[in-house]
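To keep things clear, I will list the structure first and then write my remarks on it.
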Amino acid sequence: MPCEVKPRFVVLYGSQKGQAQSIAEGIAEEAEQHGLVAELSCLDQNDKYDLEKESAPVVFVVSTTGDGEPPDNTLQFVKSIKKKTLPADHYKHLCYALLALGDTNYANFCNCGKTIERRLQELGAEQFYATGYADDGVGLEVVLDPWLEGLWKAIKAALSKMASDRTSCLKGEAGESTKEDSSIPDVQLSLLSITDQQNCNSANSSLETVSKFASAASSSASATQTAVSDLVPATPLGSDGLASQFHDAASVSTSKQETQTGDAGVPGVALAASLTRSLPPLSESSLNVPALPPSYLDVSLQEAEIIEQVDGPANRDSLHEVPISRAVQLTRGDSVKTALCLELDISLMSYQPGDSFDVFCPNRASEVEDMLHGLALSDQRNHLVNISLRKDTKKKGALVPPYIPQNISLLYLLTWCLEIRSVPKKAFLRALVEHTGDSVQKRRLQELCSKQGAADYNLFVRDPSLSILELFAAFPSCSPPLSLLIEHVPKLQPRPYSAASSCLRHPGKLHFVFNIVEFPACSVRPAGRQGLCTGWLFDLIRPVLVFPEKDESSSSTDLPKIRVKLRPNCSFRPPSDPSVPFIMVGPGTGVAPFIGFLQQREKEKQEKPKATFGETWLFYGCRHRDRDFLFREELEGFVSSGTLSHLKVCFSRDSGEEDGRPKYVQDNLLINRQHVTDILLKQNGYLFVCGDAKNMAKDVNDTLIEMIKKELQVDQLDAMKTLAGLREEKRYLQDIWG
Ligand code: FAD
């Protein structure tokens, strides 16, 4: 019997933190269930794909990083398609779909995806499926889930069209009829409905359906089952047939409370949904859960005689280990947030104001212990971890995570390699279902990763930044193998900080400023917690911390050391021509890079007293004048020396400041509209924004649009275009985080 050739398509991804990659991998994995073959590559693996000759549909999945930049592994690709020498029909043969990931908290939403899309179209490529712009700011799944659902039908339609184009082309060329490629699937087949999935005769389904978990009486549970199985034969999940277990669980449960876990329900009291508890209709709904991600790693632990107890991240040879020479608390004790300024001794590093640098921090020792305990591996902490690819894995493009070095102990793996604080993704929740003993907990995990439970996932997992450890604590019967953790938990990422100093003023030193991130207490986190890196830094410097308000100075000689790596930012720099005016907007710790800008400017003015220097404006804001006005004395000193032409400060919480006074930086921008727009639109000046991406950067952006509208008497669209033009010219620059 001839072997059927399945139609192929190409999946290309560009990913900074692994999100786009895992979506692309998911598409590639699902392809087989739709009778297709996916060829998956990262955009930087250009020896694995050839767009110049590609005749199959191509699906791009790309994220955006920083200030609208492409991910590192996509830079080269974007550069190559941007070449002006490429002819307008360069990609005429190409048929593509694109999923762009971004975050609307950042002004350049999905910029990388939009850039690729624009160039593909300019170069003649044809889109076969509408582009999806998924927003991490509100939850990727809002766009992602329907986009993925519709993708298969679109790929099949594209394949069919391409085949018939080829056929008619051949007919035209040969003047005779050609037999249609029987392997091209019927486009009419809707793969979105369950019955069609059955028609596909696939062993696994892309969306598994879990029958309703009737949480009330067993009679209603069996009634429910009948209704569901009329529609869909219960799909057993995993080898142990989860769905039937749920039926069993439902039939033994007799009351709602009994089906709920965690915060034990009090009879007669109205219950609220929580991480571990759902309410109708979700608790009574059939669920579409994602397909079980195929496992791909074999992990074993080996007792070793001597294990090198390495301290520090895996790439430590490429990092600078530098002492913290000074640590100052910038805010008063009664301030809502605690801001610290650290000084590093960096004799071998050089940097420019506007650069940032990565700080490499370990996971908290107590959390690593909890994780070891949760995995029941406390006794094997010093064992060697052996990781290899499963020979029989179905996962496309499976790799042993390259950031996990060889010959490391389990303790090292959990301390330096995996972000054990990361928020569990739905695919991970789905995989955990298979390793959860308690059927009620299983059901809740299924709900949280299901289509129907999307709102609960956002509310109880995503929004509170629930960590994997917190999840394990809430679902005590969940006991995954170590391999699952390695497959699903992302790499422990360094945290970037902006330089808050200039080498000209502080040779051999680097300052940076941060707020200690505080996660408030909530039901799954009764004690609250601090941010990983900021909490770690705070613990590290506590013994040497200086409080200027108490006129203290540290006498400690035992300076803690941290590992850092420079992240140059070639565009977030003061204008190279000192006569060009510039505006800085940096409330709170967002003022950091501007301290560096101004220190540099002050030195330059001293060195070249006759040179012409353009105006400098700083818009700063904080809660209270007396509690959290960072660098107040230094900023006022810049004004006195003429380095800073205009310092505009506002306080959002000081009483007496409410009466029509500016509360936020954007209010002050509006008040100074004429100057700001003159600098930007008439004097070729620059505007820099630094700090909180969630609210401030967006508000400032909106305010700038309003100002341009008024100033140029144009409509919203034209004002947005003008601002986009400034961004293109790199005269409107952001260094924002959130
Ligand atoms: P994490 O443990 O990583 O936690 C932070 C995460 O938790 C964030 O995703 C946030 O959205 C979320 N979160 C925070 N609070 C809550 C809450 N209450 N509830 C739920 N979720 C919450 N930061 C500075 O302070 N100063 C700088 O100069 C600076 N420069 C930066 C420059 C760049 C280029 C970038 C990308 C970031 C910069 N940051 C800066 C941010 C910094 O890198 C860290 O993200 C920040 O310090 C928090 O790190 P953490 O490990 O303590 O927190």
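Ligands are counted one by one from 1 in listed order, and the atoms in each one are counted from 1 as well.
- The protein heavy-atom contact nearest to atom 28 (O) of ligand 1 is Ser498 N, 3.1 Å.
- In Leu532, the parts holding a heavy atom less than 4.0 Å from any atom of ligand 1 are both the side chain and the backbone.
- Scanning all protein heavy atoms for the shortest distance to atom 44 (C) of ligand 1 gives Tyr497 OH, 3.8 Å.
- Counting only heavy atoms of the protein, atom 9 (O) of ligand 1 lies nearest to Gly738 O, 4.0 Å.
- Aromatic ring centroids of Tyr620 and Phe631 lie 6.0 Å or more apart.
- Residue Arg567 has no N or O atom closer than 3.5 Å to an N or O atom of ligand 1.
- In terms of protein heavy-atom proximity, atom 45 (O) of ligand 1 is closest to Arg495 CG, 4.5 Å.
- At a heavy-atom distance under 4.0 Å, only backbone atoms of Asn515 (N, CA, C or O) approach ligand 1.
- Residue contacts with ligand 1, taken as heavy atom pairs separated by less than 4.0 Å, do not involve Gln530 at all.
- With ligand atoms numbered from 1 in the order given, ligand 1 contributes 18 (N) to contacts under 4.0 Å with heavy atoms of Glu518.
- If you number the atoms of ligand 1 from 1 as listed, the ones under 4.0 Å from a heavy atom of Asp463 come out as 20 (C).
- Contacts between Trp737 and ligand 1 below 4.0 angstrom, taking non-hydrogen atoms only, involve the side chain exclusively.
- One distance of note links CD1 of Ile562 with CG of Leu319; it measures 11.0 Å at 0.5 Å rounding.
- No option in Ile595, Leu598, Leu644, Val591 other than Ile595 meets the side chain to side chain contact (heavy atoms under 4.5 Å, CB included) test with Glu634.
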Donor-acceptor contacts under 3.5 Å from residues 336-345 side chains, at least two apart:
unit_1 : atom_1 : unit_2 : atom_2 : d
Glu343 : OE1    : Ser325 : OG     : 2.9
Glu343 : OE2    : His511 : NE2    : 2.9
Asp345 : OD1    : Lys509 : NZ     : 2.8

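- Ring-plane geometry between Phe597 and Phe582 is classed as perpendicular, the angle between the planes exceeding 60 degrees on a 0 to 90 degree scale with a lower cut at 30.
- Comment: Arg332 does not engage Asp628 in a salt bridge, judged by the lack of any side-chain N to carboxylate O separation of less than 4.0 angstrom.
- Atoms of ligand 1 found under 4.0 Å from any heavy atom of Asp735 (numbered from 1 in listed order, with element): 34 (C).
- The ring pair (Phe, Tyr, Trp, His ring centres under 6.0 Å) contacts involving residues 338-366 comprise Phe357-Phe512, where partners must be two or more places apart or lie in separate chains.
- Close approach to Val517 involves these atoms of ligand 1, each under 4.0 Å from a residue heavy atom: 14 (C), 15 (N), 48 (C).
- The protein heavy-atom contact nearest to atom 11 (O) of ligand 1 is Lys694 NZ, 3.2 Å.
- If you take CZ on Arg529 and CD on Glu367, they are separated by 7.0 Å, rounding to the nearest 0.5 Å.
- Separation of atoms OG (Ser22) and NZ (Lys426) is listed at 12.5 Å; rounding is to 0.5 Å.
- Distances from atom 20 (C) of ligand 1 to the heavy atoms of Ser465, Ala500, Gly535 put Ser465 nearest.
- Asp692 CG to Trp737 CH2: the interatomic distance, rounded to the nearest 0.5 Å, is 9.0 Å.
- At the shortest separation from atom 7 (O) of ligand 1 among protein heavy atoms lies Phe519 CZ, 3.1 Å.
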(request) Apply the test side-chain hydrogen bond (donor to acceptor under 3.5 Å, both in side chains) to residues Asp44 and Gln76: give CA-CA distance (whole Å), side-chain angles for both, the deciding distance (0.1 Å), then the verdict. (result) CA-CA 7 Å; Asp44 67 357; Gln76 221 28 56; over 6 Å; no
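- The shortest N or O to N or O distance between Pro520 and ligand 1 is not below 3.5 Å.
- Nearest residue to atom 36 (C) of ligand 1 from Cys533, Pro496, Pro464 is Pro496 (criterion: closest heavy atom).
- Any N or O atom pair closer than 3.5 Å counts here, and Ser356 shares no such pair with ligand 1.
- Checking side-chain atoms of Asp355 against main-chain N and O of Leu566 turns up no donor-acceptor pair under 3.5 Å.
- Salt-bridge annotation for Glu602 and Arg505: present, with a side-chain N of the basic residue lying under 4.0 Å from a carboxylate O of the acidic one.
- Taking distance alone, with nitrogen or oxygen atoms compared against 3.5 Å, Thr534 approaches ligand 1 more closely than that limit.
- Of the protein's heavy atoms, Val513 O, 2.8 Å lies nearest to atom 26 (N) of ligand 1.
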